[in-house]
Amino acid sequence: MSDAPLDTPAARNALYLVDGSGYIFRAYHALPPMTRADGTPVNAVFGFSAMLMKLVEEIDAQHLAVIFDSARETFRNEIYPAYKAQRPEPPEDLRPQFALIRDAVRAFNVPCIEMPGFEADDLIATYARHARKQGMEVVIVSSDKDLMQLVGDGVTMLDPIKNKPIGPAEVMEKFGVPPAKVVDVQSLAGDSVDNVPGVPGIGVKTAAQLIEEYGDLESLLARASEIKQPKRRESLIEYAEQARISRELVKLRDDVPLEVPVNGLEVRDPEHATLLAFFEENNFKRLVARLTALEAMAGHGGNQPPAGGSAPANPQAAELAPAQKSYETVVEEADLVRWIAAATEAGCVSVDTETTGLNPMSAELVGVSLSLEAGRACYVPLAHGATPVGQGSLLDAPPARPKQIDKQRALALLKPMLEDPSVLKVGHNMKYDWVMFRRQGIDVAPIDDSMLISYVLEGGAHGHGMDELSELHLGHKTITFKEIAGSGKDQVTFDQVPLDRATDYAAEDADVTGRLHRLLKPRLRESGLLTFYETIERPLVPIIGQMEREGIKVDREVLAEMSTDFARRMGEYEIEIYKLAGREFNIGSPKQLGEILFDEIGLQGGKKGKTGAYATGADILESLAVQHELPARILEWRQIAKLKSTYADALVGQINPETGRVHTCFAMAATSTGRLSSSDPNVQNIPIRTEEGRRIRRAFIAEKGHKLLSVDYSQVELRIVADIGGLEALRQAFRDGIDIHAMTASQVFGVPLDQMDPMTRRKAKAINFGIIYGISGFGLARQLGVEPGEAAAYIRAYFERYPGIRDYMDKAKEEARRQGFVRTLFGRQCHVPGIADKNPARRAFAERQAINAPIQGTAADIIKRAMIRIPAALAQAGLSARMLLQVHDELLFEVPEAELDATSALVREVMEGATRPVLDLAVPLVAEAGVGDSWDQAH
DNA sequence: GATCTCACG
DNA sequence: GACGTACGTGAGATCC
């Protein structure tokens, strides 16, 4: 299974443009008359549907659109009023089919594009040019000769009836010239069907001959007098202007202003129910059968919530440019009831909460917004106060609080809909809203999260905040919070924003969330990521939300004592440091420190970075310690200063006054590898490596009658390396439970295990970690403090012993180059944007990311799978332990003392089996548990 | 707001 | 051979 994720073929980046108008006529004439039950003729509709079905089924394109002529009048009629004027009306039994065909396109969920004043061909030419500029292949589904001028350079045509490609060779056969000169030939030959005049007496054959000889139309007209045949010569001279007009008529415009950009034409799965209904209505039995068969093959379906009753026929276009925008402030109960009923009816609603802050455990709910379709949303203010006014005397009556529905009443009305299992609630960063509602006694479910969908689709490629995604996908700049609430010291909380502006902001958030959701959700299935999203990221929302709600008890007194102790010791260090430096200075300023060390004291080895400042990092100071006593004191001071400011002092301020606990915020879409991150406070970087630092952990404690239980994976990332790199010796060592670094040392340096010295083992350990990070000789050398040449020799020896690791690294880099992302064992895609950078340093960095991401990401997937299962397993076992924190490979629980053993055993079992049943690693996973009154003790 | 430094896995 | 190096984070302090 080792290399499976690397072998996915790259999806071809192509745009299919269907010439809808051209196709209608050909299908009509090619197919025998057909009618549906009510007598409406449908043969062209059937032909069209069958063709689209085939395209959608077999398509290797990521983009598809059907283009129609809009009206008869176009810019060409201004140039030449007779253009296409003689065209007969379409046959009686074709006319009703035009509208039906547009319905068909919409039923397929394919963008339907047309523009007044331009022909379909001009739109096709324009899209082709845009797509080529973006590096896409273009396939024009048509056999219209007027489109042949576009063939070549990544553009081909496909005859939809004969199912035959049309390339430069076919064009050559038709016109006698290559595609680039088709326009010239057509200008001369004219076209009786379209009423393009051309030059009398000259047909395609002669025109091709002339163009072949003179190069192009202008050269030919300029040298017309040289032509030998008198009649041809006269004609060309007399009708030169007419030829030029013909050229204007024939030449396709590729600069039409597009309403939907190329990236708005991404292929989306049709709604099967809609499509089926359309086929049945038109009596297309064969297509019904085909669709049913396809559905069965896909094996999915049916798990989508019902679409809204008034869903737009063409969601894509509607998301990008909603027809109208109407945001409503809801202050009457009846209006709220109406919105809730509509949401319940629709089965899907986007929801956003407005609050007084960023932390959902301390902020207060201020309002709720809802949206059901693009451009329409409402804001329900619940706790807006009077807007503060600059002036006004104490004698004035206090400004009135705006009219709002009573908060508790509104929440009581919302609750049944928010908890209704048949109504999908869509949010952007739904964890925040989930926690917020939970605090109001509402358990929102089922949910979808546009932020997480974007993260699963394009993690690592860009951020996933709503503002960024709105601009990226919808081309819409959202109102920023600053714009309505101000910034700096003038910033107010949302409850002080006047209702009209609050509505603009809040309703837009729900609107944009819904639009992003409708746009991005279908892409999950197209990318094969739907299951990943549904089994890993989405279920994690309430799990992590609950962890944030739990928080962890922190002993304020312990931290306060530590802080004074740290302050005292810093003072002592400061006296000593000033003495050693010869003067007082700001020790916390690297700039001043560098000047003291290198300019004033004159220590050797000062290196200035690109900003011109001396580097004074811990590694530099350590190496300076042999020359002078000052660097060592600085290091000691820094350690204490860090512990005091970042941990002892800051942590106290993070204790929630209501709960007496610290509630971190876990970011679910922050990292490029799939890991969580933690902030406010960051509980994932609480000190542990030094004795001094570990004192901070003693402040993290369990509630009375409880203990903290810490369970962590032993060497997960190395185990994953052993699995995907096919490192058999390492795998066996993991199975046998022997010291893995010693084992590596033995294998690589040829030292027998029983004679292993600590130095050799240390080297092997560094290499093992280096592998995880996308090793480089330089990096390893720096880590080990040896010469780069020596480090390079270690790496060579390692690769020789474990060639599988080389293969893995090469494959990871290759995969990243080919498709821009690498995958974890569970299929998560980690995007590596710099992989094609022309700067070799940045490219090398991206390559190391490509090597590291599947390893770190697989570990992240594994612990996420465990986290989803643990609360359910605990509940089923009747255990009341609460999961509090996650630190990448560790989970921390608060457990009633009586349940410690059972909880520990159960958690370890779930963690160790977390890869199953999706996959089994070639190595066992091992989870180790520790228990104590504090987090320090539990380790 | 950028930069430096340092805490964690 | 260039280029500047271990992978992934968040926070506090300083300085512009």
Side-chain angles (χ1 to χ4, degrees), chain A residues 459-460 585-594 609-621 634-635 637-651 653-654 664-667 670-690 692-694 696-697 712-718 721 766-784 788 791-792 795 812 822 830 832 837-857 859-860 863 885-890 935:
Chain A
F585 67 105
N586 185 344
I587 308 172
S589 163
K591 186 166 168 278
Q592 294 180 34
L593 175 64
K610 41 182 161 253
T611 53
Y614 288 112
T616 66
D619 46 346
I620 306 267
L621 296 189
I634 299 283
L635 282 169
W637 179 90
R638 272 191 186 167
Q639 191 196 7
I640 304 301
K642 175 87 175 176
L643 293 175
K644 180 176 186 301
S645 68
T646 308
Y647 299 103
D649 293 345
L651 223 38
Q654 295 279 356
T664 186
C665 180
F666 287 107
T671 71
S672 55
T673 56
R675 272 191 180 178
L676 301 178
S677 81
S678 154
S679 62
D680 308 297
N682 182 351
V683 293
Q684 294 182 321
N685 71 347
I686 304 299
I688 192 169
R689 291 172 187 172
T690 64
E692 203 66 63
R694 267 202 295 279
I696 300 287
R697 290 199 173 222
D712 69 308
Y713 280 115
S714 159
Q715 311 269 27
V716 240
E717 295 194 352
L718 260 189
V721 168
I767 304 175
N768 276 336
F769 275 102
I771 294 296
I772 294 172
Y773 298 148
I775 204 152
S776 78
F778 193 96
L780 183 63
R782 219 169 60 109
Q783 180 66 32
L784 282 175
I795 297 172
V822 287
C830 305
V832 188
D837 201 305
K838 54 187 185 321
N839 177 325
R842 284 200 287 267
R843 195 169 57 243
F845 179 47
E847 287 174 352
R848 292 194 296 272
Q849 290 177 316
I851 291 164
N852 171 259
I855 302 166
Q856 191 182 110
I863 197 166
L885 304 178
Q886 188 248 46
V887 191
H888 309 308
D889 63 359
E890 170 192 2
W935 198 0

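Numbers restart at 1 for each chain; the letters A, B, ... are given by sequence-line order, proteins then strands. Because the structure is predicted, anything quoted here is derived from the model rather than measured.
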Completion exercise
Separation of dC4(B) atom C1' from L621(A) atom CG, nearest Å, is 12 Å
Practice task
Give a yes/no on whether any side-chain N or O of R689(A) is located under 4.0 angstrom from OP1 or OP2 of dA7(B).
Solution key: no
Exercise for the section: State, yes or no, whether a side-chain contact exists between I620(A) and Y614(A) at a heavy-atom distance under 4.5 Å. Expected result: no
Fill in the blank from the handout: Nearest heavy-atom contact between L676(A) and T671(A) is O-CG2, 3.9 Å
Problem - Atom-pair distance (CD on E692(A); P on dA7(B)), nearest Å - result: 12 Å
Practice task
Just call it for A615(A): base, sugar-phosphate, or nothing, with non-hydrogen atoms closer than 4.0 Å on any strand.
Solution key: sugar-phosphate
Problem - Sugar-phosphate only, base, or nothing, as touched by A850(A) at under 4.0 Å among non-hydrogen atoms - result: nothing
Practice task
Please report, rounded to the nearest Å, how far the C1' atom of dA2(B) is from the NZ atom of K591(A).
Solution key: 15 Å
Exercise for the section: Go through the side-chain N and O atoms of Q639(A) and T690(A) and say whether any donor and acceptor fall under 3.5 Å apart. Expected result: yes
Exercise for the section: Would you check if the side chain of R675(A) reaches a backbone N or O of Q856(A) as a donor-acceptor pair within less than 3.5 Å? Expected result: no
Exercise for the section: Using a 4.0 Å heavy-atom cut-off across all strands, classify Q592(A) as base, sugar-phosphate, or nothing. Expected result: sugar-phosphate
Practice task
Under 4.0 Å between any heavy atoms, over every strand shown, what does G617(A) touch: base, sugar-phosphate, or nothing? Just pick one.
Solution key: sugar-phosphate
Problem - Interatomic distance where CZ belongs to F778(A) and C1' belongs to dC7(C) [whole Å] - result: 17 Å
Handout entry: Sugar-phosphate, base or nothing in reach of A618(A), heavy atoms under 4.0 Å
Key = sugar-phosphate
Problem - Non-hydrogen side-chain atoms of R638(A) and L593(A) separated by less than 4.5 Å - result: yes
Problem - DNA chain C: stems of at least 3 consecutive Watson-Crick or G-U pairs whose donor-acceptor distances fall under 3.5 Å - result: B:1-9 with C:7-15
Handout entry: Nearest-angstrom distance from the residue atom CD1 of I688(A) to P of dC8(B)
Key = 8 Å
Exercise for the section: For S678(A) and F666(A), indicate whether the former's side chain and the latter's backbone hold a donor-acceptor pair under 3.5 Å. Expected result: no
Handout entry: Span that lies between the P atom of dG4(C) and that of dT3(B), in whole angstrom
Key = 16 Å
Practice task
Find out whether D680(A) and T664(A) are in side-chain contact, i.e. whether some heavy atom of one side chain is under 4.5 Å from a heavy atom of the other.
Solution key: no
Problem - Quiz item: S589(A) side-chain donor-acceptor pair to dT14(C) base, under 3.5 Å - result: no
Handout entry: P-based separation of dA2(B) from dA6(C) [nearest Å]
Key = 22 Å
Can you list, pair by pair, the side-chain donor-acceptor contacts under 3.5 Å of residues 773-783 of chain A, counting residues two or more places apart and other chains?
from, atom 1, to, atom 2, distance (Å)
S776(A), OG, G779(A), N, 2.9

Problem - Options dA2(C), dT5(B), dC8(B), nucleotide nearest the side-chain atoms of P590(A) - result: dT5(B)
Exercise for the section: Take atom CD1 of I587(A) and atom C1' of dT5(B), then tell me their distance rounded to the nearest Å. Expected result: 15 Å
Problem - Short side-chain to backbone donor-acceptor contact, Q592(A) and N586(A), under 3.5 Å - result: yes
Exercise for the section: Kindly say if R848(A) contacts the phosphate of dA6(C), meaning a side-chain N or O under 4.0 Å from OP1 or OP2. Expected result: no
Practice task
Looking at every strand, decide which applies to I772(A) at a 4.0 Å heavy-atom threshold: base, sugar-phosphate, or nothing.
Solution key: nothing
Practice task
Tell me whether the OP1 or OP2 atom of dC6(B) has a side-chain N or O from R638(A) closer than 4.0 Å.
Solution key: yes
Problem - T673(A) side chain vs A853(A) backbone, donor-acceptor pair below 3.5 Å - result: no
Fill in the blank from the handout: When rounded to whole Å, the CG to C1' distance for the pair L593(A) and dT3(B) reads 15 Å
Exercise for the section: Between dC6(B) and dA2(C), how far apart are the C1' atoms? Round to whole Å, please. Expected result: 32 Å
Could you list, one pair per line, each protein nitrogen or oxygen that sits under 3.5 Å from a nitrogen or oxygen of nucleotides 8-11 of chain C, together with the distance?
from, atom 1, to, atom 2, distance (Å)
dG8(C), OP1, Q849(A), NE2, 2.5
dG8(C), O4', Q856(A), OE1, 3.3
dG8(C), O4', Q856(A), NE2, 3.0
dG8(C), N3, R675(A), NH1, 3.4
dT9(C), OP1, S672(A), N, 3.0
dG10(C), OP1, S677(A), OG, 2.6
dG10(C), O4', N682(A), ND2, 2.8
dA11(C), OP1, D680(A), N, 2.9

Exercise for the section: For N586(A), report the nucleic acid contact type (base, sugar-phosphate, nothing); a contact means any heavy atom under 4.0 Å. Expected result: sugar-phosphate
Handout entry: Whole-Å distance separating the CG atom of D837(A) from the P atom of dT5(C)
Key = 14 Å
Exercise for the section: Inspect the contact between D837(A) and R843(A) and indicate whether a charged nitrogen and a carboxylate oxygen are less than 4.0 angstrom apart. Expected result: no
